[in-house]
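So you know, we letter chains A, B, ... as the sequences are listed, proteins then strands, and number each from 1. Being a predicted model, the structure only gives us computed values, none of them experimental.
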There are 2 protein chains.
Amino acid sequence: MESWRDVTCPIQRTAMLFADVYIIMILRDLATGQKRFTELQQAGINPRILSQRLKMLTREGVISRTRFVEKPPRVEYALTPKGLALMPILDALKTFGEKYLPLDDNASSSSSS
Amino acid sequence: MESWRDVTCPIQRTAMLFADVYIIMILRDLATGQKRFTELQQAGINPRILSQRLKMLTREGVISRTRFVEKPPRVEYALTPKGLALMPILDALKTFGEKYLPLDDNASSSSSS
DNA sequence: CCGTATCCGAAGGGATACTG
DNA sequence: CAGTATCCCTTCGGATACGG
């Protein structure tokens with residue numbers, strides 16, 4: 001498919017950039033405050049994918065990368081104002097999921113009769 | 001990555017199902033009323049992909065498929081109530097796109113000085 | 001700690017032709 | 001009209017090991 005810049009529909013433009021489950025996971029985790037690389041990995045994203053997505057999100061201006069010159073080195077990722085503007089999308093995903101994708105609660109139960 | 005059913009976060013569950021640009025394009029087009037297969041193709045989705053996504057969306061209960069026994073055969077796809085519940089997500093995508101992904105307007109202009 | 005490099009199999013998707 | 005089948009190339013991503 002073409003680049004998002006070649007598309008005029010704002011829905012599709014946004015989707016072409018951010019409709020990716022890894023990106024959404026990262027944004028979700030940053031919604032509660034700045035996070036470090038390792039912390040973001042905990043969500044179950046491998047370092048290669050994570051690095052790649054963080055680069056892209058930084059390039060698009062939705063997250064910031066702050067490098068603290070310490071030992072050991074520390075890097076914090078945080079939402080920018082543009083990134084904050086994506087939060088309504090996550091809210092809508094959440095609302096839908098809670099209502100229409102309820103948990104089956106058959107996960108941890110092994111002793112039910 | 002695992003199945004969306006193995007995930008508890010409602011944001012991620014929804015994203016794992018619907019964070020796909022083709023799905024979003026289809027939902028966008030159905031938002032304005034029921035559409036036929038060929039009409040949906042006009043958005044620039046090839047028949048293989050379109051068929052695949054329509055099947056999945058039907059299986060998940062967000063669209064309905066109505067077959068009219070005519071000659072030539074006619075099939076109409078439409079949003080279900082569950083599909084309508086996805087509209088806030090598209091609204092949020094649209095709002096973001098309009099504000100933060102403005103058109104570069106260098107596409108069709110060739111005679112501006 | 002924060003990534004990057006490499007390997008490699010799996011999946012995705014464009015084009016095209018074809019069938020009920 | 002509404003899809004399905006096939007081909008084949010590209011991309012993606014999981015795992016792992018390593019470098020600054």
Side chain of Gln52(B): nearest nucleotide among dG13(C), dC1(C), dG13(D)? dG13(C)
Reckon Arg65(A) has a side-chain N or O less than 4.0 Å from the OP1 or OP2 of dG3(C)? yes
Met1(A) or Pro47(A): which one's nearest nucleotide on DNA chain C is closer to the 5' end? Pro47(A)
Within the structure, does a side-chain N or O atom of Arg53(B) lie under 4.0 Å from either OP1 or OP2 of dG3(D)? no
To the nearest angstrom, the CD1-C1' distance between Ile26(B) and dA2(D) comes to 14 Å
In terms of the angle between their ring planes, are Phe18(B) and Phe96(A) parallel, tilted or perpendicular, with boundaries placed at 30° and 60°? perpendicular
Please give, in whole Å, the distance from dC1(D) C1' to Gln42(B) CD? 12 Å
Residue Arg48(B), side-chain atoms from C-beta onward, closest of dA5(D), dA2(D), dT4(C): dA5(D)
Closest non-hydrogen contact found for Met56(B) with Leu17(B) is CE-O, 3.1 Å
Check this one for me: any side-chain N or O of Tyr77(B) less than 4.0 Å away from OP1 or OP2 of dG3(D)? yes
Does any part of the side chain of Val75(B), heavy atoms only, come nearer than 4.5 Å to the side chain of Phe68(B), both counted from C-beta? no
Separation of atom CD1 in Ile45(B) from atom C1' in dG3(D), rounded to whole Å: 14 Å
Find the distance Leu54(A):CG to dG3(C):C1' and express it as a whole number of Å. 10 Å
Of the nucleotides dG14(C), dG3(C), dA2(D), which has the atom closest to the Ile49(B) side chain? dG14(C)
Quick one: do the Tyr22(B) and Arg53(B) side chains pair a donor with an acceptor below 3.5 Å? no
Protein-nucleotide distance (Gln41(A), atom CD; dT16(D), atom P), rounded to Å: 14 Å
Whole-Å distance separating the CD1 atom of Ile63(A) from the P atom of dC2(C): 13 Å
Looking only at side chains, do Thr32(B) and Lys35(B) share a donor and an acceptor under 3.5 Å apart? yes
Integer-rounded Å distance: dC12(D) C1' and Tyr22(A) OH: 9 Å
For Phe68(B), answer base if it contacts any base atom (sugar-phosphate contacts may also be present), sugar-phosphate if it contacts only those atoms, and nothing otherwise; contact means non-hydrogen atoms under 4.0 Å. nothing
Could you say whether Pro73(A) or Lys55(A) is positioned toward the 5' end of DNA chain C, judged by the nucleotide with the nearest heavy atom to each? Pro73(A)
Crowding at NZ, Lys94(B) (>12 non-hydrogen neighbours, <6.0 Å): no
Is the shortest side-chain N/O distance from Thr38(A) to OP1 or OP2 of dC2(C) below 4.0 Å? yes
Without decimals, in angstroms, what is the distance between Asp20(A) CG and dT11(D) P? 16 Å
Val75(B) has a side chain; which of dG14(C), dG3(D), dC2(C) sits nearest to it? dG3(D)
What nucleotide, of dC1(C), dC1(D), dA15(D), holds the atom closest to the side chain of Asn46(A)? dA15(D)
Contact class for Arg67(B) (heavy atom, under 4.0 Å): base, sugar-phosphate, or nothing? nothing
